[in-house]
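Structure, as C-alpha cells:
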Amino acid sequence: MRDSAAPVPAGAPGENTARGRALHGLVIDWFQEHARDLPWRRPEAGAWGVMVSEFMLQQTPVNRVLPVYQEWLARWPRPADLAAESPGEAVRAWGRLGYPRRALRLHGAAVAIQERHGGEVPTEHAQLLALPGVGEYTAAAVASFAYGQRHPVLDTNVRRVFARALSGSQYPPNATTAAERRLARELLPDDEPTAAAWAAATMELGALVCTARSPECVRCPIAASCAWRLAGAPAHDGPPRRGQTYAGTDRQVRGKLLAVLREATEPVPQAVLDRVWHEPVQRARALDGLVSDGLVEPLAGRRYRLPR
DNA sequence: TAGGCGTGGCG
DNA sequence: TCGCCAAGCCT
C-alpha cells in the first residue's frame, strides 16, 4: 500500500513484548552472520566516514558509492580537510553519483562542523539535524552507527521490512507516516548497543533479503512471522507510486550542463554550454537553477565554472 | 505536503 | 525496451 497508511495491527510487538524481543534476536543474529563488510562499517571509518557514506548513500546504490567514498576519505580524511576546499572541488569529486547538491551540502556540513563543533562530528541528534543536508534519517543514522546511540532509524529499507513483517503490506506508504514512526519507536530495543544493532540489521535485511522487487523470503530470518507472507503475499492494490520522470526534464539538462563544468579546468563559455541541449528556454532555466542552487558560478563575459 | 532534484543498473 | 528502483533532503 503505497498511499494508504497501513494500520498497525492490534497487539503490535512493542520492544517490551516477547515477540518484539524475538524479532530483535532473529534479525540481529542474521545480521551478525550476513552483514556486508562495508568500509564505513569498520571502526577506522569514524564518525566522519559514517557521515560521508550516509550523504552518498541517499538515493544511491552501495556499489556506485564505494569507489567515490574511498576517494573522498583518502583526500579529505577529516571534516577540516574538506572545509578547507572550495565547494566546487566537492562537486567535481562527487563525479556522477547524482544529486550533486548533496556534495555542496556535505561541504557545508564540514564547514559547520569546523566552525561550530571544533572539527568533530557532533554527537547529539539535534546538532546533527542542524547541519546542511542532514535530515531525520541521516541524523539518526550517524548518531546510531557512529556513536552507538538509541534512535529509530527509518529509511526505505526499514519501512519496507516493517510494512511487510508487521503491517502485512507489500510496500510502505508513499510518505512516512506518524504510524510508522510510532511503530519504529515502540520496536526500539531499550539498551543502546542493541538498538544500534537493530537499526543496522533491519536496514541490511531490507537491502539484501526483503528487497522491493523480488524478496527472498526463503533467506529471511523472520519469514515465519511475516504478516505479509501469512496473508498470502498480496500484491499492492493501491494507486501507483509517484514516478521519477527524467527524460526531457530540467534535471536531465542540469546533469548535462554540470557534466561539462565538472570536466572543465577553465571557465566555460556560454556557447559551449549551449551545445548540451537544443531547446533554449529550458536550457537557460536549467542553468539559472544551477546558479541559484550554488552549483555553478557565473563569471564576467558569459562564462561559467564550479563555485570557488 | 507534493514535487524537484541525477544517475545508471536491472528485470 | 523502459519503468522501477537505490541508506533522502528541502521548500
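Within every chain, numbering begins at 1; the chains are lettered A, B, ... in the order of the sequence lines, protein sequences first and strands thereafter. Every value quoted in this text rests on a predicted model; they were computed, and no experiment measured them.
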For this session: Scan Val134(A) against the nucleic acid and name what it touches under 4.0 Å (heavy atoms): base, sugar-phosphate only, or nothing.
Result: sugar-phosphate
Seminar exercise, completed: Atom CG of Asp293(A) and atom P of dC10(C) are separated, to the nearest Å, by 13 Å
For this session: Please work out if Leu258(A) contacts a base, only the sugar-phosphate, or nothing of the nucleic acid, heavy-atom cut-off 4.0 Å.
Result: nothing
Exercise. Taking the C1' atom of each, how far is dT1(B) from dC10(C), in whole Å?
Worked result: 12 Å
Exercise. Has the side chain of Arg251(A) got a donor or acceptor atom sitting under 3.5 Å from an opposite partner on the base of dG6(B)?
Worked result: yes
For this session: Figure out the CZ/C1' separation between Arg160(A) and dG8(C), and round it to whole Å.
Result: 15 Å
Exercise. From the list dA7(C), dG6(B), dC9(C), which nucleotide is the closest neighbour of the side chain of Pro100(A)?
Worked result: dG6(B)
Seminar exercise, completed: Between CG of Leu66(A) and C1' of dG8(B) the distance, given in whole Å, is 15 Å
Problem set entry | Integer-rounded Å distance: dT7(B) P and Gln58(A) CD | 16 Å
Seminar exercise, completed: Taking for Gln252(A) and for Arg105(A) the nucleotide of DNA chain B with the nearest heavy atom, the one nearer the 5' end belongs to Arg105(A)
For this session: Check the distance between dT7(B)'s P and Arg254(A)'s CZ and give it to me in whole angstrom.
Result: 10 Å
Exercise. In whole Å, what separates the C1' atom of dA7(C) from that of dG11(B)?
Worked result: 22 Å
Exercise. Using a cut-off of 4.0 Å on non-hydrogen atoms, how would the nucleic acid contact of Trp40(A) be classed: base, sugar-phosphate, or nothing?
Worked result: base
Exercise. OH of Tyr99(A) versus P of dC9(C): gap in Å, rounded?
Worked result: 13 Å
For this session: Identify whether any heavy atom of Leu38(A) sits under 4.0 Å from a base atom; if not, whether one sits that close to sugar-phosphate; answer base, sugar-phosphate or nothing.
Result: base
Problem set entry | Whole-angstrom distance between dC4(C) and dG3(B), as gauged at atom P | 16 Å
Exercise. What distance, rounded to whole Å, do you find between the two P atoms, one in dG6(B) and one in dT11(C)?
Worked result: 14 Å
Exercise. Taking all non-hydrogen atoms of both residues, which atom of Gly119(A) and which atom of Pro79(A) are closest, and how far apart?
Worked result: O-CG, 3.6 Å
Seminar exercise, completed: Here the distance between atom C1' of dC5(C) and atom CZ of Arg64(A), to the nearest Å, is 11 Å
For this session: Assess the side chains of Gln58(A) and Tyr137(A): does a donor N or O sit below 3.5 Å from an acceptor N or O?
Result: no
Problem set entry | Presence of Thr138(A) side-chain N/O under 4.0 Å of dA7(C) phosphate oxygens OP1/OP2 | no
Seminar exercise, completed: Excluding Leu273(A), membership of its hydrophobic cluster (Ile, Leu, Val, Met, Phe, Trp, Tyr; side-chain heavy atoms within less than 4.5 Å) reads Val91(A), Leu104(A), Val253(A), Leu257(A), Leu258(A), Val260(A), Leu261(A), Val268(A), Val272(A), Val276(A), Trp277(A), Leu287(A), Leu290(A), Val291(A), Leu295(A), Val296(A), Tyr304(A), Leu306(A)
Problem set entry | Value in whole Å for how far the P atom of dG3(C) lies from CZ of Arg213(A) | 12 Å
Exercise. What is the nucleic acid contact for Arg96(A), judged by heavy atoms within less than 4.0 Å: base, sugar-phosphate only, or nothing?
Worked result: sugar-phosphate
Problem set entry | Heavy-atom pair with the smallest gap, counting every atom of Ala90(A) and Trp72(A) | O-CZ2, 3.3 Å
Exercise. Is dG6(B) paired to anything, Watson-Crick or G-U wobble with both distances less than 3.5 Å, and if yes, which nucleotide?
Worked result: none
Exercise. If you find the nucleotide of DNA chain C closest to Met203(A) and the one closest to Leu131(A), which residue's nucleotide is nearer the 5' end?
Worked result: Met203(A)
Exercise. Under 4.0 Å between a side-chain N/O of Arg262(A) and OP1 or OP2 of dT7(B), yes or no?
Worked result: yes
Exercise. How far, in whole Å, is dA6(C) from dC5(B) if one measures between their C1' atoms?
Worked result: 15 Å
Problem set entry | Phosphate-side-chain proximity, Gln59(A) and dG8(C), N/O vs OP1/OP2 below 4.0 Å | yes
Exercise. Hey, does Leu128(A) have a side-chain heavy atom less than 4.5 Å from the side chain of Thr138(A)?
Worked result: no
Exercise. Side chains of Arg64(A) and Tyr69(A): is there a donor and an acceptor less than 3.5 Å apart?
Worked result: no
Problem set entry | Ala212(A) side-chain proximity, nearest of dA7(C), dC5(C), dC9(C) | dC5(C)
Exercise. What about the rings of Trp48(A) and Trp76(A), do their centers lie closer together than 6.0 Å?
Worked result: no
Exercise. Nearest of dA7(C), dT7(B), dC5(C) to any side-chain atom of Ala207(A)?
Worked result: dA7(C)
Exercise. Hey, does the side-chain of Thr60(A) have a donor or acceptor N/O within less than 3.5 Å of a partner on the base of dG6(B)?
Worked result: yes
